[in-house]
Amino acid sequence: MLLVLSNATFAVTIDAVGEAVIYNNDIADARYRATEQAIKQAVLESGSRVNVKDEMTNGEVNSSIAIRSSSHVQRAKIISEEQTGNFLKVIARIDVTPDSQCSTGPTSYYRKTVGVTGFDLQIPQQAQLGAINNISRELPKNLADEINKQGYLKALTATNISIYPDLINAPSSTNYDGSLTNVTRISERLGVQYIISGVIRDIGELYQRHPNNKTITPPLAAENKERNFVVDIYLYDGFSGALLFEHRYNEIGHWDIADNQRVGFGSAKFWTINYGKVVQQALKQSAIDTSEQLRCQPFIANIFRTEGNRIHIAAGSIAGIKVGDKFNVYRRYEVFNQLQSAQTQLNNANISVTIKQVQPNFSVGELVVDSHILNVQQQDVVIAW
């Protein structure tokens with residue numbers, strides 16, 4: 001009885017909004033995908049982590065929200081839904097239970113930083129329709145905006161950086177030194193924990209068009225105005241270079257303006273057309289997925305200065321750090337694989353640091369003894385699990 005009451009005490013009910021594109025008039029499929037998005041939103045807000053598994057019936061998710069490391073199964077019920085054009089928006093009432101392995105730990109208190117690089121377009125000629133040649137830099141910028149709008153991560157843009165020399169084989173592109181990517185160097189340069197990169201695989205029209213034709217053409221049938229939006233997104237750990245998450249977002253939208261209009265990607269006009277709205281929905285979904293993937297990952301920040309028994313770490317109040325917070329110090333080592341390329345290894349130094357001063361972008365922590373005695377150096381890190 002006490003166990004049941006204890007679990008009920010920590011249950012949280014949240015009303016969350018989800019949205020999905022309707023394909024082939026399949027409302028049930030769109031409802032399921034919109035509910036999945038609402039569930040992830042609720043999970044992020046409540047600080048728990050769930051896996052969506054089973055199918056929906058009669059507007060309810062039955063035994064589908066399995067909380068990791070918990071025997072309890074919660075439910076989600078759709079309380080309203082609205083269809084606008086080919087979009088379906090649902091409001092779902094979701095019961096979630098905090099996951100003690102993450103939500104009660106300090107890692108969920110801090111905003112982790114991600115760097116978003118440029119997204120190369122695999123077939124550049126496809127950008128001619130609508131003159132959206134700026135998509136390689138504007139799309140990741142808009143993704144960073146969506147991530148920041150969610151509020152769980154801090155995204156910085158570096159869209160001038162291109163990671164993959166070979167787009168076909170991305171993300172397994174080999175650099176000159178034999179490493180798969182150079183994300184560790186990019187992460188260190190940007191001062192971020194994680195790197196998001198991607199490849200725009202397909203933005204071509206389903207039916208051949210002639211955007212360079214300056215004559216005004218009569219409107220085509222709606223099905224002939226469809227255009228692909230296929231993007232692969234890759235999420236890396238910036239310290240090890242490990243690929244943590246990859247996903248393909250595959251959508252179709254209507255290019256419902258004249259072929260010879262040069263709107264550019266991300267313009268005010270672009271977001272008003274159906275295709276722009278579909279792209280915006282895909283970016284929102286990828287921002288939610290990224291936040292969910294990193295929510296239970298440890299918070300890591302570089303040590304950039306040591307002075308006596310005080311150390312400066314590259315994270316401050318913007319990341320949620322407060323005076324009195326405690327972190328563990330980890331030493332950074334380089335190890336070499338069989339190709340003699342350097343790999344980063346973090347080893348627990350069994351040293352704790354207490355934060356004494358906090359600035360927006362950095363903090364000052366205090367060790368129990370002098371940093372030189374403990375051999376704490378620049379480029380070591382602090383971690384909150």
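Only one option out of L235, V183, L294, T117 pairs with I196 in a side chain to side chain contact (heavy atoms under 4.5 Å, CB included); it is L235.
D256 contributes atom CG, which lies 8.0 Å from atom NZ of K277 (distance to the nearest 0.5 angstrom). Atom-to-atom distance recorded for E138:CD and T157:OG1 is 9.5 Å, nearest 0.5 angstrom. L88 CG to I22 CD1: the interatomic distance, rounded to the nearest 0.5 Å, is 5.0 Å. To the nearest 0.5 Å, the span separating CD on E226 from NE2 on H254 amounts to 5.0 Å.
Annotation: side chain of I27 is not in contact with side chain of D29 (no heavy-atom distance under 4.5 Å). Taking 4.5 Å as the limit, some side-chain heavy atom of F299 sits within range of a side-chain heavy atom of Q193. Between I135 and I203, the closest side-chain pair of non-hydrogen atoms falls below 4.5 Å. E246 places a side-chain heavy atom less than 4.5 Å from the side chain of L243. A heavy-atom distance below 4.5 Å is found between the side chains of F327 and I355. You'll find the side chain of Q122 stays beyond 4.5 Å of the side chain of I200, heavy atoms only. You'll find the side chain of R111 reaches within 4.5 Å of the side chain of N148, heavy atoms only. Between F239 and I383, every side-chain heavy-atom pair lies at or beyond the 4.5 Å cut-off.
Tracing side-chain contacts under 4.5 Å through hydrophobic residues (I, L, V, M, F, W, Y), one never reaches F362 starting from I321; they form parts of separate clusters.
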Go through it in stages, so that I can follow the logic: the residues are F119 and Y164, the test is side chain to side chain contact (heavy atoms under 4.5 Å, CB included), and I'd like the CA-CA distance, side-chain angles, deciding distance and then a yes or no. CA-CA 9 Å; F119 284 31; Y164 308 112; over 6 Å; no
Evaluate side chain to side chain contact (heavy atoms under 4.5 Å, CB included) for I78 paired with I91, printing each intermediate quantity in order. CA-CA 6 Å; I78 295 175; I91 299 177; over 6 Å; no
Using side chain to side chain contact (heavy atoms under 4.5 Å, CB included), reason through N309 and H372 one step at a time and then give a plain yes or no. CA-CA 8 Å; N309 70 329; H372 296 294; over 6 Å; no
Before you tell me yes or no, could you show the steps for N302 and Q379 under side chain to side chain contact (heavy atoms under 4.5 Å, CB included), namely the whole-Å CA-CA distance, both residues' side-chain angles and the distance that decides it to 0.1 Å? CA-CA 6 Å; N302 277 317; Q379 299 305 311; 4.2 Å; yes
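Using a cut-off of 4.0 Å between Lys/Arg side-chain N and Asp/Glu carboxylate O, E146 and K149 are scored as salt-bridged. We find that R93 and D15 are joined by a salt bridge, their nearest charged nitrogen and carboxylate oxygen being less than 4.0 Å apart. Looking at R31 and E81, a side-chain N of the basic residue comes within less than 4.0 Å of a carboxylate O on the acidic one, giving a salt bridge.
Two rings, from Y194 and F245, have their centers 6.0 Å or more apart.
Screening residues 304-319 for salt bridge (Lys or Arg N to Asp or Glu O under 4.0 Å) gives R305-E307, R310-E366 as the qualifying pairs, with residues at least two apart or on separate chains. Sequence neighbours left out, the pairs with a member in residues 227-241 that pass salt bridge (Lys or Arg N to Asp or Glu O under 4.0 Å) are R201-D232, D232-R248.
Heavy-atom contacts from other residues, nucleotides or ligands closer than 6.0 Å to CG of N25 number 12 or fewer. The environment of K269 atom NZ is sparse: at most 12 non-hydrogen atoms of other residues, nucleotides or ligands sit within 6.0 angstrom.
Between the side chains of Q37 and Q285, a donor-acceptor pair is found at a separation under 3.5 Å.
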